[in-house]
Amino acid sequence: MEFSKEQRIIEAILFSAGREVSSKELMNVLEISEEDIEKVIQNMKSKYEENGSALEIIKVDNSYQLCTKKEMYEYIYPIIDNRTKPTISNAALETLSIIAYNPKITRSEIESIRGVSVDGTIYKLLEYNLIEDAGKLDAPGRPTTYKVTNNFLKMFGISSLDELPELPRYKLDENEQIVIDDMLKENETIEETNEENLEAPMPAREDIESQKKESNED
């Protein structure tokens, strides 16, 4: 696996830093454009893959980090960290999802959506470095807002929030219950289309009469 000078420099930087390194930092060191940085790193990623390396380069927002592949985790974890593996409850996952889809959301807004207190959950997510303070809301009391961290992106294997699955469109009925209206209509349309495709097309009446005459003449 032969690396160019630029690739060796980037590998050395990422290995030594042990964190996400922004494209801007790499551009300043190598004095090349962001587009060239992207090309060099893509070539590196291909070489790691071709040679079955245990390492990979991941992109987080506009930064890069050199990491070990996920399948190596079970072998690395006992060596570098003997602490209990962190676990995330369903309640924490729900809260985390709300924050991911609503950056700069307040605790009271989260509680309004979930219908329960989230003080303990927010504390845990902050402890796990999955969310962080996103500043104060310009509203009475100046409540704290929250957003997900780069650690969240890495944990869920995405480069940015743009890669989150698209949420279904919905509306609320008179009882303030969610109605997946568009999804239901789409399913009904698909079912109707399938039913139409299953029915054999009926010939026009004049075609039928024509066919009868031809049969009598024969």
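Quick caveat: nothing in here was measured; it's all calculated off a predicted structure.
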| Residue pair L30, V40: steps toward the side-chain contact (heavy atoms from CB on, under 4.5 Å) verdict | CA-CA 11 Å; L30 294 169; V40 172; 6.0 Å; no

Throw together a table of side-chain donor-acceptor distances under 3.5 angstrom for residues 109-117, partners on residues two or more places apart or in other chains.
unit_1	atom_1	unit_2	atom_2	d
E109	OE1	T106	N	2.9
E109	OE1	T106	OG1	3.2
E111	OE1	R107	NH1	3.2
E111	OE2	R107	NH1	3.0
E111	OE2	V118	N	3.2
R114	NE	E94	OE1	3.1
R114	NH2	E94	OE1	3.0

| task | Walk me through it: do M155 and I88 pass the test side-chain contact (heavy atoms from CB on, under 4.5 Å)? | result | CA-CA 12 Å; M155 176 174 285; I88 301 179; 4.2 Å; yes

| task | List for me each residue that meets salt bridge (charged side-chain N to carboxylate O under 4.0 Å, His left out) alongside K24, sequence neighbours excluded, and say none if there are none. | result | none

| Counterpart residues, side-chain contact (heavy atoms from CB on, under 4.5 Å), relative to D36 (two or more places apart) | I32, S33, K39

| What residues, two or more places apart in sequence or in another chain, satisfy side chain to side chain donor-acceptor pair (under 3.5 Å) together with T68? | none

| message | If you define the side chain from C-beta out and look only at heavy atoms, does anything of L26 sit under 4.5 Å from I41? | response | yes

| field | Contacts of A12 that satisfy side-chain contact (heavy atoms from CB on, under 4.5 Å) - sequence neighbours left out | value | none

| field | Heavy-atom pair with the smallest gap, counting every atom of L125 and L96 | value | CD1-N, 4.1 Å

| request: Treat each ILVMFWY residue as a node, draw an edge where side-chain heavy atoms are under 4.5 Å apart, and state whether I13 and F15 are in one component. | output: yes

| For R8, which residues count as a side chain to side chain donor-acceptor pair (under 3.5 Å) partner, sequence neighbours excluded? | none

| Just wondering, are more than 12 heavy atoms of other shown residues or ligands nearer than 6.0 Å to CD in E35? | no

| request: State, to 0.1 Å, how close K147 and K104 come at their nearest heavy-atom pair, and which atoms those are. | output: CB-N, 4.3 Å

| remark: Looking only at heavy atoms, the pair that brings L153 and S159 closest together is CD1-O, 3.6 Å

| field | Check: K136/T145 side-chain N/O donor and acceptor closer than 3.5 Å | value | no

| message | So, using ring pair (Phe, Tyr, Trp, His ring centres under 6.0 Å) as the criterion, who are the partners of Y101 when residues are at least two apart? | response | none

| Any I122 side-chain heavy atom under 4.5 Å of I99 side chain | yes

| Partners meeting side-chain contact (heavy atoms from CB on, under 4.5 Å) with A100 (sequence neighbours left out) | V148, F152, L164

| remark: E127 meets the side-chain contact (heavy atoms from CB on, under 4.5 Å) criterion, sequence neighbours left out, with Y123, K124

Would you list the atom pairs, donor with acceptor, under 3.5 Å between side chains in residues 55-66 and any protein atom, with sequence neighbours excluded?
unit_1	atom_1	unit_2	atom_2	d
N62	ND2	E34	OE2	3.2
Y64	OH	E38	OE1	2.4
Q65	OE1	K154	NZ	2.9

| With sequence neighbours excluded, what pairs up with D133 under the salt bridge (charged side-chain N to carboxylate O under 4.0 Å, His left out) test? | none

| task | Look at the side-chain heavy atoms of Ile, Leu, Val, Met, Phe, Trp and Tyr, link any pair under 4.5 Å apart, and say whether I9 and Y48 land in one connected group. | result | yes

| query | Taking only residues two or more places apart in sequence or in another chain, which ones pass side chain to side chain donor-acceptor pair (under 3.5 Å) with S160? | reply | none

| message | Tell me whether the count of non-hydrogen atoms from other residues, nucleotides or ligands lying under 6.0 Å of CD in E71 goes above 12. | response | yes

| query | At what distance, to the nearest 0.5 angstrom, does CD of E20 lie from SG of C67? | reply | 8.0 Å

| Could you give the distance from CD1 (I98) to CD1 (I131), rounded to the nearest 0.5 Å? | 11.5 Å

| task | Please report the C-alpha distance between E49 and K69 in whole Å, then the side-chain angles of each, then the deciding distance to 0.1 Å, and finally whether the side-chain contact (heavy atoms from CB on, under 4.5 Å) criterion is met. | result | CA-CA 11 Å; E49 192 65 32; K69 290 184 176 178; 3.4 Å; yes

| field | Shortest non-hydrogen contact between G157 and K70, atoms and distance | value | CA-NZ, 4.2 Å

